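Below is one structure, written out as structure tokens, with a few remarks after it.
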Amino acid sequence: MQEGARETLLALRRSIDNIDAALIYMLAERFRHTQAVGELKARHAMPAADTEREARQVRRLRDLAAAAQLDPDFAEKFLAFIIKEVIRHHEAIARKTNGNGAP
């Protein structure tokens with residue numbers, strides 16, 4: 001491989017690694033907020049899932065993906081995975097809250 005190509009490849013990979021790190025930190029921050037939402041829902045006996053919000057979010061993310069030149073189908077699948085995990089967490093919080101009266 002030519003030296004110039006190798007250097008370019010390494011620089012691109014460093015950028016990808018930085019983006020991956022940012023994604024992890026952003027997901028962690030998102031899940032901290034959804035955890036708080038789950039605790040609030042559990043304290044007020046609200047359902048873990050909100051299908052109307054989820055549908056709005058899917059539409060919103062698909063639009064954002066298209067504007068960013070990202071495949072909207074991929075964005076929807078990614079969001080569906082996150083939503084499924086959030087709901088699982090909310091259900092666990094609700095079970096814990098209902099079992100002992102406090103989150």
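Given the structure is predicted, the values throughout are model-derived calculations rather than measurements.
Residues E39 and T97 form no side-chain contact, since every pair of their non-hydrogen atoms from C-beta on lies 4.5 Å or further apart. Using a 4.5 Å cut-off on side-chain heavy atoms (C-beta onward), H90 and T34 make contact. For the pair D20/I24, no side-chain contact is recorded, criterion being any heavy-atom separation below 4.5 Å from C-beta on. Inter-residue side-chain proximity for Q2 and R6 is flagged as unmet; no heavy-atom pair is nearer than 4.5 Å.
Atom-to-atom distance recorded for I82:CD1 and K77:NZ is 15.0 Å, nearest 0.5 angstrom. Atom-to-atom distance recorded for L9:CG and R14:CZ is 9.5 Å, nearest 0.5 angstrom. The distance from atom CD of E76 to atom CD1 of I83, rounded to the nearest 0.5 Å, is 9.0 Å.
There is a path of hydrophobic side-chain contacts, each under 4.5 Å, that joins L79 to I87. A continuous path of ILVMFWY side-chain contacts below 4.5 Å connects V58 to L61, so both sit in one hydrophobic cluster. By the criterion of side-chain heavy atoms lying less than 4.5 angstrom apart, applied directly or through intervening Ile, Leu, Val, Met, Phe, Trp or Tyr residues, M46 is not grouped with I93; the two fall into different hydrophobic clusters.
For residues 48-71, no residue pair satisfies the ring-ring contact (aromatic ring centres under 6.0 Å, His included) rule, not counting sequence neighbours. Under the ring-ring contact (aromatic ring centres under 6.0 Å, His included) criterion, no residue pair touches residues 33-81, with sequence neighbours excluded.
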Starting from the C-alpha separation in whole Å, work towards a yes-or-no answer on salt bridge (charged side-chain N to carboxylate O under 4.0 Å, His left out) for R62 and D73.
CA-CA 7 Å; R62 286 186 68 86; D73 291 337; 3.0 Å; yes
Should V37 and V86 be marked as a side-chain contact (heavy atoms from CB on, under 4.5 Å) after you check the CA-CA gap, both sets of side-chain angles, and the distance that decides it?
CA-CA 10 Å; V37 168; V86 167; over 6 Å; no
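Side chain of E54 to backbone of D50: a donor-acceptor contact under 3.5 angstrom is found.
A salt bridge does not link E91 with R88: none of the charged nitrogens is closer than 4.0 Å to a carboxylate oxygen.
Here the closest non-hydrogen pair linking A65 and P72 is CB-CA, 3.9 Å.
The environment of CD in E29 is crowded: more than 12 heavy-atom neighbours from other residues, nucleotides or ligands sit within 6.0 Å.
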